[in-house]
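Data block below; observations after.
In what follows, chains carry the letters A, B, and so on, assigned in the order in which the sequence lines appear, proteins first and then strands, with residues in each chain numbered from 1. Keep in mind that this is a model prediction, so the values were computed, not measured.
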Amino acid sequence: MLDIRYIRDNAEHVREAAAQKGYPVDVAALVDLDDKRRELLGKAEAVRRERNGLASQVSGKPSAEQLEHGKALKAELSTLEDGLAVTEEKFVTVLKTVPNMPLPDVPIGESEDGNVVASEWGEKPQFDFEPKNHWQIAEQHGWIDKERAAKVAGARFAYLKGGLVRLHMAMVQWALDQLMDEKIITKLVADNHLKISAKPFIPVLPPLMIRTEVYDAMDRLEPREDRYKIEGEELWLQGSAEHVLGSMHMNEIFDEKDLPLRYVGYATSFRREAGSYGKDMEGIFRLHQFDKLEMESLATAETALDEHLLLIALQEYLMRELKIPYRMINKCTYDIGKPNARGWDLEAWLPGQGKYRETHTADYMTDYQARRLQTRVRRNDGAVELVHTNDATALAQRPLIAIIENYQTADGNVRIPEVLRPYLGGRKLL
RNA sequence: GGAGAGAUGGCCGAGUGGUCGAUGGCACCGGUCUUGAAAACCGGCAUGCGAAAGCAUCGUGGGUUCGAAUCCCACUCUCUCCGCCA
């Protein structure tokens, strides 16, 4: 959520930027609602003040006069509060629809076509045979069983089996070790000229369910059609570890010395994929359920953009170590998402499909999420401010696809990336 | 799942209808004293809204009352015992 004072002071910019993000807002109507809300609030506070004054005068039994006065005030306050509640609800409903403001370097665009390729890395592997898709390779080894998964759970589910499971576990364990290594973070901070701490990440296995109220405060509940709700409960299956990591410190105030706080969470994520019927039905590119290693960071306002850049640097580092070609996408206003101020994607080269596909995303939310979560920091000078939040994919099942397709051999085997070999006990995948 | 107890400021802990945003202690910050430190003493020390006066907040939401941290209801969470179970 944005600060209403910011919206009032920058009404035209907010209107324009919201439209550029594809979330048009009637800012004038919002300001009118705020005016009305403030007016009613002022009136109600004046009556409360009178009530408090009266109550402090009474000791023992109130006089008939005092009783009558009190009853009149009570009735008046009740009317005002009813009107205030209605106005407040309308106001908050509209306020919640205002998206976060994009940073100046976010390209303006009206569709995905407005995204800008910022850089490319790596040599695309040359094969002296026709490279296969990951599902063709997996089929050969019995690594993916979607038919039986459909029998048990329905479409867009899969059993992952055998060598693929070992590869997945190795990849996750390796990535965890990288993120917990202060030397690696120190180097990336220095190489990218970032002015932030080199504190390592804290690994977390979070709950996979999240309450309605908290999910909404994270601004990740919508669109609800893409979430799974637990029947009879105010609980949802989380769609990304970000949702349960970012909300972890709701209603808390940090000391400045404790920031930045960096978590790497491993979680199975659930998505209904509503609106993507027929899209990416083959393989494990788009499932209702996938395992993901996710980075989350809470930081002060002036360090959070560098924090964002660090998370992106880490994504690139992990892919470079795995030697998978990729390109970085600076997503445009239309594509970054409502709570984002900035958002970059990493797209890995998939030789089997002959194109780059999104495997990572990095989101910088400024204080937009923290405002509703009320996650704050007490600065060294005593001032209390909202924290700034960042999240970014470390590694998930899509990078696994990238490994399979980039490391395939003519006979349908998959070579193991060098950095993962120690984690696979020197054995072959199969 | 059954029975019971509880939730107060960073922490501990008073407060069971009338100046309670809340006694006290610890921690923390500033000062006096000291060569320095400790101790002692003095002062400060929640959050939001508001230019301010002030208003709100004692787990959350609702209710009773002229007046609620205190009474009633619902919900959430914690603890104890029993049952069940990775």
Side-chain angles (χ1 to χ4, degrees), chain A residues 1-9 30-31 33-96 205-218 221 229-236 238 244 247-259 261 267-268 298 300-301 367-387:
Chain A
M1 195 165 73
L2 278 188
D3 185 348
I4 183 61
R5 285 171 298 188
Y6 175 86
I7 297 175
R8 295 183 72 106
D9 293 345
L30 180 60
V31 170
L33 274 172
D34 188 43
D35 285 339
K36 196 176 167 195
R37 182 186 71 95
R38 285 170 188 233
E39 189 195 329
L40 286 169
L41 188 62
K43 285 182 180 170
E45 284 188 357
V47 177
R48 283 191 198 127
R49 182 186 174 182
E50 205 176 336
R51 180 189 64 181
N52 291 347
L54 178 66
S56 69
Q57 280 166 28
V58 179
S59 60
K61 294 223 166 169
S63 68
E65 203 179 322
Q66 287 171 323
L67 267 179
E68 195 185 330
H69 188 195
K71 283 188 175 177
L73 288 176
K74 189 179 181 175
E76 191 183 350
L77 184 59
S78 170
T79 309
L80 284 168
E81 283 180 337
D82 287 351
L84 183 61
V86 171
T87 307
E88 185 87 37
E89 198 195 325
K90 280 187 201 160
F91 168 72
V92 172
T93 303
V94 178
L95 182 58
K96 278 158 68 174
L205 288 178
L208 302 183
M209 293 189 203
I210 179 169
R211 305 164 99 141
T212 305
E213 187 192 333
V214 180
Y215 219 165
D216 191 40
M218 270 300 281
L221 180 56
K229 183 143 193 273
I230 305 298
E231 192 179 349
E233 308 262 357
E234 283 305 323
L235 273 179
W236 303 73
Q238 56 91 11
V244 278
S247 51
M248 195 168 161
H249 295 282
M250 190 166 97
N251 296 326
E252 290 182 27
I253 302 177
F254 290 101
D255 285 330
E256 183 169 350
K257 65 177 168 53
D258 296 326
L259 298 184
L261 189 57
T268 301
L298 307 176
T300 56
D367 59 4
Y368 188 91
Q369 276 181 327
R371 182 163 290 106
R372 284 187 64 203
L373 292 168
Q374 283 296 297
T375 304
R376 292 169 290 177
V377 52
R378 182 174 284 105
R379 303 304 297 260
N380 292 332
D381 66 2
V384 174
E385 301 171 356
L386 294 165
V387 302

Checklist entry - When you compare B:A38 with B:U32, how far apart are their C1' atoms, in angstrom units rounded to a whole number? => result 15 Å

Item to check | A:Arg51 side chain, from C-beta outward: closest of B:C66, B:A56, B:C55 | outcome: B:A56

Item to check | Watson-Crick or G-U wobble mate for B:U35, both contacts under 3.5 Å | outcome: none

Checklist entry - Using atom P of each nucleotide, how far apart are B:C72 and B:A5 to the nearest Å? => result 12 Å

Checklist entry - Does A:Arg378 make a side-chain N or O approach to OP1 or OP2 of B:A46 shorter than 4.0 Å? => result no

Checklist entry - Looking at B:C66, B:G67, B:G50, which one has an atom nearest to any side-chain atom of A:Arg38? => result B:G50

Next on the checklist: For B:A52 and A:Arg49 - does any side-chain N or O of the residue sit under 4.0 Å from the phosphate oxygens OP1/OP2?
Outcome noted: no

Item to check | Base-pairing mate for B:C28 - Watson-Crick or G-U, with both contacts under 3.5 Å | outcome: B:G44

Checklist entry - Between A:Glu234 and A:Lys229, is there a salt bridge with N-O shorter than 4.0 Å? => result yes

Next on the checklist: Looking at B:A7, which nucleotide sits across from it as a Watson-Crick or G-U wobble partner, both distances under 3.5 angstrom, or is there none?
Outcome noted: B:U76

Checklist entry - Rounding to the closest angstrom, what is the interatomic distance between B:G10 and B:U64 at atom P? => result 32 Å

Next on the checklist: Would you say that A:Arg372 contacts A:Lys96 through its side chain, given a criterion of any heavy-atom pair below 4.5 Å between the two side chains?
Outcome noted: yes

Next on the checklist: Under 3.5 Å for both donor-acceptor distances, Watson-Crick or wobble: does B:U23 have a partner, and if so which one?
Outcome noted: none

Checklist outcome for this item: Looking only at B:C49, B:C66, B:A56, the nucleotide nearest the A:Arg48 side chain is B:A56

Checklist entry - Expressed in angstrom and rounded to an integer, what is the separation of A:Gln66 atom CD from B:G18 atom P? => result 15 Å

Item to check | Heavy atoms from other residues, nucleotides or ligands near CD of A:Glu256 exceed 12 (cutoff 6.0 Å) | outcome: yes

Checklist entry - Would one find a side-chain N or O of A:Asn52 under 4.0 angstrom from OP1 or OP2 of B:C55? => result yes

Checklist entry - Taking the side chain of A:Arg376 as its heavy atoms from C-beta onward, which of B:G54, B:U19, B:U47 lies nearest to it? => result B:U47

Checklist entry - How far does the P atom of B:C33 sit from the matching atom of B:G21, given to the nearest Å? => result 39 Å

Checklist outcome for this item: Regarding the side chain of A:Val384, the nearest nucleotide among B:A56, B:G18, B:U47 is B:U47

